[in-house]
A.B. asks: 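Input: one structure, supplied below.
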Amino acid sequence: MKTIRFEQGSSLWKDARRRLIRNRAAMASLIFLLLMAFACFVLPLFPCIANPNATNLAAIGADCSWAHPFGTDQLGRDLLARVLYGGRISLLVGVVATVVAFVIGLSYGLVSGYVGGRTDALMMRTVDVLFALPFIVLVIVFSLSIETPSRELTSWVVENTGWSRESVAPILGLVPLFIAIGALGWLTLARIVRTQTLEIKAQEYVLAARSLGLGHLRILFCHIAPNLLGTVVVYTTLAVPGIMLTESTLSFIGLGVRAPNSSWGTLIKEGADRMEATPELLFFPALFFCLTLLALNFLGDGLRDALDPKSGGRDS
């Protein structure tokens, strides 16, 4: 008597992980981003990395050496330390603002697509109006409007925790930037989620959930939202470079990170002002910034291919 063997099925996430691992460009980008995060967040904790804001008038404009691998800037500050600390701020802005945009865009798009009718039309017309307004100008106005509450929050944290203002202010001072970029960067995601929700809510399993008497919130977040996750994850990964570029643009024109702190945008601005005399001031932060954006885009493309059930898992 023959024994019948049933092949065990594979879930979408297992197949996606397998396709992602086979994508060499995406995996190399993921490893690079992990190394970059380690370099920016962990490496500065070691004593071998100098204080990024410590000036040394005797070492102004020093060339690359063992003491200063990337040289020094116009105030004698170690450029390697400033690039690593600047990367910490740029990556934080990209990730935190993207999370804010993710939460707002996902919720807004789900409600708009699921409710439909006049509510959907009104919510989408609101998105259209916001799209028509200049994004950078809105970010600047919004950021300036919540700057005073941010300073009050910094003072409250210093008074109630005992932490020094020097350690708290650089991070909490970026809260207006986090909120401004994230609160206005959800528009495209909301449209994508709304379109996908309109398609998914007509599927048989959603109609079955309704016939069983399940609540609207449970249908939204237990049946519709999980099936949007692949698309949302891909878009979110690809949105991080755009948000980092926005932060760099604001810092470049002097409306982002405040001196003496630095981000890659401020370092690129300082390097651009002195590129003829000291090109390394522009080269190193621009190199780190470009490689990070390139890796994020490769990873986003890899996730898009991996999470597409119709994809054959193209190797790169």
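No hydrogens, no waters, no symmetry mates; every other heavy atom, side chains included, goes into these values.
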A.B. asks: Indicate the atoms forming the closest heavy-atom contact of Ala81 with Asp78, along with that distance.
C.D. replies: N-OD2, 2.9 Å
A.B. asks: What is the distance from atom OH of Tyr85 to atom CG of Leu43, rounded to the nearest 0.5 Å?
C.D. replies: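 The distance works out to 9.5 Å.
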A.B. asks: On a heavy-atom basis, which atom in Pro69 and which in Leu80 lie closest, and how many Å separate them?
C.D. replies: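 The answer is CG-CD2, 3.8 Å.
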A.B. asks: For a 4.5 angstrom cut-off between non-hydrogen side-chain atoms, does Phe288 reach Met36?
C.D. replies: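 Yes - at least one pair of side-chain heavy atoms lies under 4.5 Å apart.
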A.B. asks: Quick one: do Leu291 and Leu84 end up in the same hydrophobic cluster if we chain Ile, Leu, Val, Met, Phe, Trp and Tyr together by side-chain heavy atoms under 4.5 Å apart?
C.D. replies: yes
A.B. asks: Quick one: CD on Gln203 to CD1 on Ile224, what's the gap to the nearest 0.5 Å?
C.D. replies: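 Between atom CD of Gln203 and atom CD1 of Ile224 there are 10.0 Å.
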A.B. asks: Spell out, as yes or no, whether a donor-acceptor pair under 3.5 Å connects the side chain of Lys201 to the backbone of Gly113.
C.D. replies: yes
A.B. asks: Grab the two heavy atoms, one from Ala202 and one from Leu207, that are nearest each other, plus how far apart they are.
C.D. replies: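 Ala202 and Leu207 have their closest heavy atoms at O-CD1, 4.0 Å.
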A.B. asks: Just by distance, do the side chain of Ser90 and the backbone of Trp264 share a donor-acceptor pair under 3.5 Å?
C.D. replies: yes
A.B. asks: Is the closest side-chain heavy-atom distance between Cys40 and Leu91 below 4.5 Å?
C.D. replies: yes
A.B. asks: With a 6.0 Å cut-off (strictly less than), is the heavy-atom count around CZ of Phe298, excluding the residue itself, greater than 12?
C.D. replies: no
A.B. asks: What's the spacing between Asp128 CG and Leu187 CG if we round to 0.5 Å?
C.D. replies: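 Those atoms lie 9.5 Å apart.
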A.B. asks: Tell me whether Ile31 shares a hydrophobic cluster with Leu296, the cluster being built from Ile, Leu, Val, Met, Phe, Trp, Tyr side chains joined at under 4.5 Å.
C.D. replies: no
A.B. asks: Before you tell me yes or no, could you show the steps for Phe32 and Thr292 under side chain to side chain contact (heavy atoms under 4.5 Å, CB included), namely the whole-Å CA-CA distance, both residues' side-chain angles and the distance that decides it to 0.1 Å?
C.D. replies: CA-CA 8 Å; Phe32 174 81; Thr292 301; 4.2 Å; yes
A.B. asks: Consider only side-chain heavy atoms of I, L, V, M, F, W and Y, link residues closer than 4.5 Å, and tell whether Val83 and Leu75 are in one cluster.
C.D. replies: no
A.B. asks: Side chain to side chain contact (heavy atoms under 4.5 Å, CB included) for Met123 and Val115? Distances and angles first, verdict last.
C.D. replies: CA-CA 10 Å; Met123 294 177 72; Val115 175; over 6 Å; no
A.B. asks: When rounded to the nearest 0.5 angstrom, what is the spacing between CZ in Phe70 and CZ in Phe283?
C.D. replies: 9.0 Å
A.B. asks: Side-chain contact, heavy-atom cut-off 4.5 Å: Phe289 with Leu267?
C.D. replies: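 In short, these two side chains do not touch, never coming nearer than 4.5 Å.
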A.B. asks: Taking the side chain as every heavy atom from C-beta outward, state whether Val100 and Trp186 have any pair of such atoms under 4.5 Å apart.
C.D. replies: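 SC-SC contact between Val100 and Trp186 ruled out.
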A.B. asks: At what distance, to the nearest 0.5 angstrom, does OH of Tyr205 lie from CZ of Arg210?
C.D. replies: 11.5 Å
A.B. asks: Do Leu281 and Glu270 come within less than 4.5 Å of each other through their side chains, counting heavy atoms only?
C.D. replies: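 No, every pair of side-chain atoms sits at 4.5 Å or beyond.
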A.B. asks: With rounding to the nearest 0.5 Å, note down the distance linking CD in Gln74 to OG1 in Thr55.
C.D. replies: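 Reported to 0.5 Å precision, the distance equals 11.0 Å.
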A.B. asks: Kindly indicate whether the side chain of Tyr114, heavy atoms from C-beta on, has any atom under 4.5 Å from the side chain of Leu110.
C.D. replies: no
A.B. asks: Specify the closest pair of heavy atoms between Gly302 and Asn23, including all atoms of both residues, with the distance to one decimal.
C.D. replies: CA-ND2, 3.6 Å
A.B. asks: Taking the side chain as every heavy atom from C-beta outward, state whether Leu45 and Phe41 have any atom pair closer than 4.5 Å.
C.D. replies: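 A side-chain contact under 4.5 Å is absent here.
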A.B. asks: Under a single-linkage definition using a 4.5 Å side-chain heavy-atom cutoff for Ile, Leu, Val, Met, Phe, Trp and Tyr, are Val206 and Leu198 assigned to the same hydrophobic cluster?
C.D. replies: no
A.B. asks: Please name the pair of heavy atoms, one in Val193 and one in Leu228, separated by the smallest distance, quoted to 0.1 Å.
C.D. replies: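 Here Val193 and Leu228 meet closest at CG1-CD1, 3.8 Å.
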A.B. asks: Minimum heavy-atom separation for Leu299 and Ala26, please, with both atom names.
C.D. replies: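 Heavy-atom minimum between the residues: CD1-O, 3.9 Å.
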A.B. asks: Main chain of Tyr108, side chain of Ser112: is a donor-acceptor contact present, judged purely on distance under 3.5 Å?
C.D. replies: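 No, the answer is negative, given that no donor and acceptor are paired below the 3.5 Å cut-off.
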A.B. asks: Quick check: is Ile89 connected to Val42 through a chain of hydrophobic side chains (ILVMFWY, heavy atoms under 4.5 Å apart)?
C.D. replies: yes
